[in-house]
Amino acid sequence: MSVMQNYVDDVLALVKQRDPDQPEFYNTVREVFTSIIPFLEKNPQYKAEKMLERMIEPERIVTFRVVWQDDKNETHINRGYRVQMNSAIGPYKGGLRFHPSVNLSILKFLAFEQVFKNSLTSLPIGGGKGGSDFDPKGKSDNEVMKFCQAFMTELYRHIGPHVDVPAGDIGVGGREIGYLFGQYKRIRDAYDSAVLTGKGLTYGGSLTRTEATGYGLLYFVKNMLDEKGISLQGKVVSVSGSGNVATYAIQKAQEFGAKVVTCSDSDGYVYDPDGIDINTVKDIKEGHRGRIKEYIQTHPNAEYHEGCRGVWSVKCDIALPCATQGELDLESAKHLVDNGCKVVAEGANMPSTLDAIDYFLQNKILFGPAKAANAGGVAVSALEMSQNSERLSWTFEEVDNKLKDIMANIYRNAKKNAIDFGDPDNLVMGANIAGFKKVAEAMEAQGLV
Ligand code: NDP
């Protein structure tokens with residue numbers, strides 16, 4: 001075993017020993033560090049500088065009590081978090097997630113991923129993530145507002161335009177960002193537009209931010225396919241999820257001439273052989289926050305199946321997991337490959353399990369890893385910060401064109417590193433090395449941080 005393989009194994013053992021109850025965090029550290037061994041071998045100084053040990057330790061973690069009252073005046077207590085992982089290349093940047101499954105392991109995994117993803121965008125943003133175990137499902141607007149206000153009443157002291165700039169994620173969309181911004185402004189008594197991104201267009205939001213992650217995913221896929229001389233026209237695409245990322249991935253895939261046949265939520269999935277009607281999905285999800293099973297009420301040819309994992313048993317050319325982490329396991333990967341799927345690109349964060357990723361790579365599937373393929377959202381968030389600083393609003397086309405360029409750059413950077421380190425189609429390795437390089441160099445330049 002090589003020296004660097006041993007080094008990575010030692011660091012992984014350290015993660016397990018220090019945080020034995022954080023499997024999601026362990027898995028993402030393993031995925032990133034195992035894949036950059038060829039790079040570490042050429043840069044042995046990082047072992048001497050204990051760079052990996054530094055990177056696994058968040059710069060700061062804040063956890064706090066969030067107390068709020070529902071419409072019946074009953075009091076609830078949730079747990080709030082912010083993980084400020086790494087500020088080597090800019091202020092912490094990363095979303096807030098409101099979902100009952102939220103815990104420190106999940107937020108540390110997301111924050112760790114975010115560090116390298118943000119580095120890949122080539123924009124000056126560090127990595128963080130936060131959220132709460134609050135479940136917005138079934139809550140009234142008033143209850144969501146009360147929760148957001150209570151959450152920000154503590155979070156405000158840890159964030160700021162030059163410190164930490166949160167955005168949305170699962171369970172945090174435009175509505176929640178609005179309530180969070182209102183409370184921040186009230187407490188600070190200052191109009192710091194760039195303290196949050198994903199804002200509404202009337203108060204400092206950027207055009208294209210809503211669409212950015214889904215559109216960016218398809219721009220990334222197009223770059224992967226263009227290089228192989230394959231067109232998206234007429235391809236059958238399977239998408240999971242029906243939230244922000246899934247919706248705009250479906251829309252852009254259709255604009256590129258593909259036929260998207262599935263979407264899902266945590267209860268089950270819809271298969272529509274005629275192609276998913278995106279307006280119906282938007283009506284259900286954005287219009288009245290309903291469940292995806294309602295889709296078949298207006299589309300008699302479509303089928304609804306209970307259980308979201310079945311979505312990967314549908315025959316397709318391209319699979320785009322856009323729901324959540326761990327939703328595509330080895331069994332699902334085998335179904336996809338057996339059914340002739342040739343391309344998988346991740347809209348969600350770490351939707352594929354590590355064994356599923358290995359299986360895709362072994363079977364020569366063109367695989368676009370999350371930190372590269374879904375970086376469009378955070379990239380446009382950084383563009384939102386730039387517009388806020390300039391006190392200007394760019395047009396939809398301007399932002400969309402910048403997004404296209406950024407996704408093409410990310411693809412080229414990941415591909416170049418994959419080639420340079422001897423495995424040309426391994427974009428997992430290429431993206432991890434490209435992201436790691438810049439952060440490690442910045443940390444090295446800043447001394448003992
Ligand atoms: P949304 O809350 O808008 O949508 C999430 C979707 O995933 C919903 O359809 C939801 O269904 C489904 N889902 C959530 N949890 C589960 C689960 N445990 N099992 C199955 N389905 C589930 O979130 P986003 O679209 O913003 O985020 C989706 C993914 O993309 C996440 O991994 C997020 O981290 C990642 N991401 C998001 C970015 C953004 O800009 N928004 C940027 C980069 C990555 P249900 O309604 O039933 O919960």
Side-chain angles (χ1 to χ4, degrees), residues 24 28 93-102 106-107 109-114 117-118 120-121 127 129-131 134-138 144 166-177 197-198 205-206 208-217 220 239-250 262-270 281-282 284-286 288-295 306-312 320-329 332 345-352 368-382 384 403 407 410:
E24 292 88 357
T28 191
K93 180 93 199 83
L96 296 171
R97 178 176 291 193
F98 292 168
H99 193 272
S101 65
V102 162
I106 290 179
L107 293 180
F109 125 63
L110 290 164
F112 189 76
E113 278 285 295
Q114 197 80 46
K117 178 191 307 194
N118 292 1
L120 271 176
T121 64
K129 201 84 190 187
F134 171 73
D135 187 357
K137 252 183 239 154
V144 170
D169 189 73
I170 290 179
V172 179
R175 173 182 61 167
E176 290 76 14
I177 293 290
T197 58
S206 172
T208 324
R209 175 60 189 93
T210 307
E211 297 83 356
T213 310
Y215 279 20
L217 173 65
F220 190 87
V239 171
S240 66
S242 49
N244 172 268
V245 179
T247 300
Y248 294 97
I250 295 172
T262 66
C263 62
S264 66
D265 60 22
S266 51
D267 296 333
Y269 74 95
V270 166
V281 175
K282 283 187 184 173
I284 296 170
K285 288 292 178 176
E286 292 174 5
H288 62 275
R289 299 178 192 273
R291 307 305 298 160
I292 203 64
K293 71 168 97 160
E294 292 169 34
Y295 184 96
E306 289 289 336
C308 44
R309 288 208 178 199
V311 70
W312 308 122
L320 304 176
C322 295
T324 193
Q325 69 272 0
E327 55 162 315
L328 199 169
D329 58 9
S332 309
E346 300 183 315
N349 280 314
M350 286 211 81
S352 316
K371 71 172 70 62
N374 74 23
V378 74
V380 173
S381 273
E384 183 174 330
L403 173 63
M407 296 314 295
I410 293 174

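Both counts, for ligands and for their atoms, begin at 1 and track the order of listing. Quick note: numbers below take in every heavy atom, side chains included, and nothing from hydrogens, waters or symmetry partners.
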Considering only non-hydrogen protein atoms, determine which one is nearest to atom 3 (O) of ligand 1 and report residue, atom name and distance to 0.1 Å. Asn244 N, 2.9 Å

Would you name the heavy atoms of Ala323 and Ile170 that are closest together and state the gap between them? O-CD1, 3.7 Å

Please state which protein non-hydrogen atom is closest to atom 27 (O) of ligand 1 and give its distance, to 0.1 Å? Ile170 CG1, 3.7 Å

Regarding ligand 1, does Thr213 bring an N or O atom to under 3.5 Å of one of the ligand's N or O atoms? yes

Glu327 and ligand 1 - part of the residue with a heavy-atom distance under 4.0 Å: neither

Do you know which two heavy atoms are closest between Gly347 and Thr213, and how far apart they sit? O-CG2, 4.3 Å

Note, Met350 side chain near Pro321 side chain (heavy atom, < 4.5 Å): no

Protein heavy-atom partner closest to atom 12 (C) of ligand 1 - residue, atom, separation in Å: Ala323 CB, 3.9 Å

Shortest protein contact, atom 22 (C) of ligand 1 (heavy atom only): Ser266 CB, 3.8 Å

For ligand 1, the portion of Cys308 having any non-hydrogen atom under 4.0 Å away: side chain

Can you find a non-hydrogen atom of Gly173 under 4.0 Å from ligand 1? no

Taking N or O atoms only and a 3.5 Å limit, does Gly171 qualify as a polar contact for ligand 1? yes

Can you find a heavy atom in the side chain of Thr197 that is under 4.5 Å from one in the side chain of Lys93? yes

Please say whether Asp267 places an N or O atom under 3.5 Å from an N or O atom belonging to ligand 1. no

Is the contact between Ser264 and ligand 1 made by the side chain, the backbone, both, or neither, using heavy atoms and a 4.0 Å cut-off? backbone

Taking the side chain as every heavy atom from C-beta outward, state whether Cys322 and Leu217 have any atom pair closer than 4.5 Å. yes

Student check: side-chain heavy atoms of Lys371 and Gln114 closer than 4.5 Å: no

Nearest non-hydrogen contact with atom 14 (C) of ligand 1 belongs to which option: Thr324, Leu217, Asp265, Asp169? Thr324

When you compare the side chain of Thr324 with that of His99, does any pair of heavy atoms fall below 4.5 Å? no

Test your reading of the structure: does Asn374 have an N or O sitting under 3.5 Å from an N or O of ligand 1? no

Report yes if Val245 has an N/O atom closer than 3.5 Å to an N/O atom of ligand 1; otherwise report no. yes

Distance from Glu286 atom CD to Thr247 atom OG1, nearest 0.5 Å? 5.5 Å

Any side-chain heavy atom of Glu327 sitting closer than 4.5 Å to one from Trp312? yes

Atom 6 (C) of ligand 1: which protein heavy atom is closest, and how many Å away? Gly243 N, 4.0 Å

With a heavy-atom distance limit of 4.0 Å, tell me whether Gln325 approaches ligand 1 through its side chain, its backbone, both, or neither. neither

To check your reading of the model: name the closest protein heavy atom to atom 9 (O) of ligand 1, its residue, and the distance in Å. Ser242 N, 2.9 Å

Arg209, portion touching ligand 1 at heavy-atom distance under 4.0 Å: side chain

Among non-hydrogen protein atoms, atom 32 (O) of ligand 1 lies closest to Asn349 N, 3.1 Å

Heavy-atom gap Lys137 to ligand 1 smaller than 4.0 Å: yes

Heavy atom of the protein closest to atom 46 (O) of ligand 1 (residue, atom name, distance): Arg291 NH1, 3.3 Å

Side chain, backbone, both or neither: which part of Cys322 comes within less than 4.0 Å of ligand 1 when only heavy atoms are counted? backbone

Nearest-0.5 Å distance, CG of residue Leu107 to CG of residue Asp169: 9.0 Å

Using distance alone, with no hydrogens and no angle criterion, decide if Asp329 and Ser332 have a side-chain donor and acceptor under 3.5 Å apart. yes

For Lys293 and Asp267: C-alpha separation, side-chain torsions, deciding distance, then whether salt bridge (Lys or Arg N to Asp or Glu O under 4.0 Å) applies. CA-CA 8 Å; Lys293 71 168 97 160; Asp267 296 333; 5.3 Å; no

